[in-house]
K.L.:
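Quick one: this structure, given as structure tokens, is what I'll be asking you about.
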Amino acid sequence: MTTFGELAPPVRVLMGPGPSDIHPRVLRALACNTIGHLDPHYLELMNQLQQMLRQVFQTRNQLTFAVSGTGSAGMECAVVNLVEPDDVMLVCVNGVFGSRMADVAARAGARVVTIQRPWGEVFTPEEVEQAVKTHRPKLVGIVMAETSTGASQPLEEVAEVVHRHGGMILVDAVTSLGGMPVLVDQWGLDVVYSGSQKCLSCPPGLAPITFGPRAVEVIQNRKTKVQSWYLDATMLSQYWGDERVYHHTAPINMTYALYEALRLILEEGLENVFARHLLNHHALRAGLEALGLEFTAQEGHRLPMLNAVRVPEGVDDATVRKELLERFGIEIGGGLGQFKGRAWRIGLMGYGARPQNVLLLLGALEQLLAEQGHRFRPGTAVATANEVYQQQQAVSAS
Ligand SMILES: *Cc1c(COP(=O)(O)O)cnc(C)c1O
């Protein structure tokens, strides 16, 4: 008879594209005793979770909740509720997640048109306007933080252009929410979804989502049923709203975890959270550049929480990532799609965005790159990153 070993996952420093390091308070929340999903205590927890989600999304949208599923379920929920068969949806594709969105939309019966940008670049409002004028889409889908390339897409003007031509804008904020401002109301975003395991410092399993007034109106006036029973926002709103109509059993302990994760973010303060992501990004970036590594994303449009750099000439991608994991317990991401084997994706997400992680990774990378024969001044990465932290301390002290 086979015996199965006790569960003993190694302790890792998660610095890839997600999942990211989980805050100890979130882990403790997961281990709390499970209660019924219609228990009054749980219902109150759902209400409070929705209130906190509205604060993090910076929105007053009533229809704001967490989909039981990962970020991709959030994507699917956003799309299937707004799309009816033969609706035109324009999807902006400059990486893996834009392509995924186009696939999801086509499966939902949309007539999908795409515009493309080289990986690492972002879309201008003019480009989107041109396509919107030509195709007159009901819906424009765009990724705010393209985790496959590290590019940061500005949204405010794009949203304005889409609305001027009578469309709605659907935004993937899986990697951005909790790490940089996602101003749902101020920018007029119509539907925005995220995921629990990136900058929210939570395990994977829940997808926060919010629908604005235009989206709600479109949903209320649908001619056809939403193609997915599980992701039907109207049915889900009756579960999350006052009616409490049983729909599915919410993952109770994941709700605890997200509750605690959002509480942590609000305790620290959104502005402080964003500043912390930026500071650690600046330190990491200075260290990586001191090693001669180049970012894949366009200058001026680099994400603080996802640092994608080219694997330097003569260095073996797989060896470095394997040794980082085995010798230093650090996980970083390899390249996806056309960046496979050619890029490293280094996450500084949520609880993971802290100096310990930055300095540990830079120290380990110095070691491994030296072994691979990559030339640089020993100690330079850690020293350069430390300078950034010291400058920051000087600024805050003055
Ligand atoms: C991670 C990610 C997703 C998918 O989320 P899963 O939780 O893996 O399903 C979607 N969009 C972006 C931008 C992501 O980074």
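Order of appearance sets the numbers: ligands from 1, and atoms from 1 within every ligand.
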K.L.:
Measuring from each atom of ligand 1, which residues have a heavy atom under 4.0 Å away?
P.N.:
T70, G71, S72, F97, R100, V143, A145, T147, D172, V174, T175, Q197, K198
K.L.:
Who passes side-chain hydrogen bond (donor to acceptor under 3.5 Å, both in side chains) against N47, sequence neighbours left out?
P.N.:
R244
K.L.:
Quick one about Y389 and H282 (side-chain donor to acceptor, distance below 3.5 Å, no hydrogens or angles considered), yes or no?
P.N.:
no
K.L.:
A cation-pi test, strictly: NZ or CZ of R354 under 6.0 Å from the centre of the six-membered ring of Y351 and no more than 45 degrees from its axis. Yes or no?
P.N.:
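Yes, a cation-pi geometry.
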K.L.:
Between the side chains of E299 and R285, is the shortest nitrogen-to-carboxylate-oxygen separation below 4.0 Å, so that they form an ion pair?
P.N.:
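Looking at E299 together with R285, the answer is yes, because their closest N to O distance falls below 4.0 Å.
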K.L.:
Is the shortest distance from a Lys or Arg side-chain nitrogen in R327 or E371 to a carboxylate oxygen in the other one below 4.0 Å?
P.N.:
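Between E371 and R327 there is a salt bridge, with a charged N closer than 4.0 Å to a carboxylate O.
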K.L.:
With a 4.0 Å cut-off, would you call E331 and R12 a salt bridge?
P.N.:
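The answer is no: the pair does not qualify as a salt bridge.
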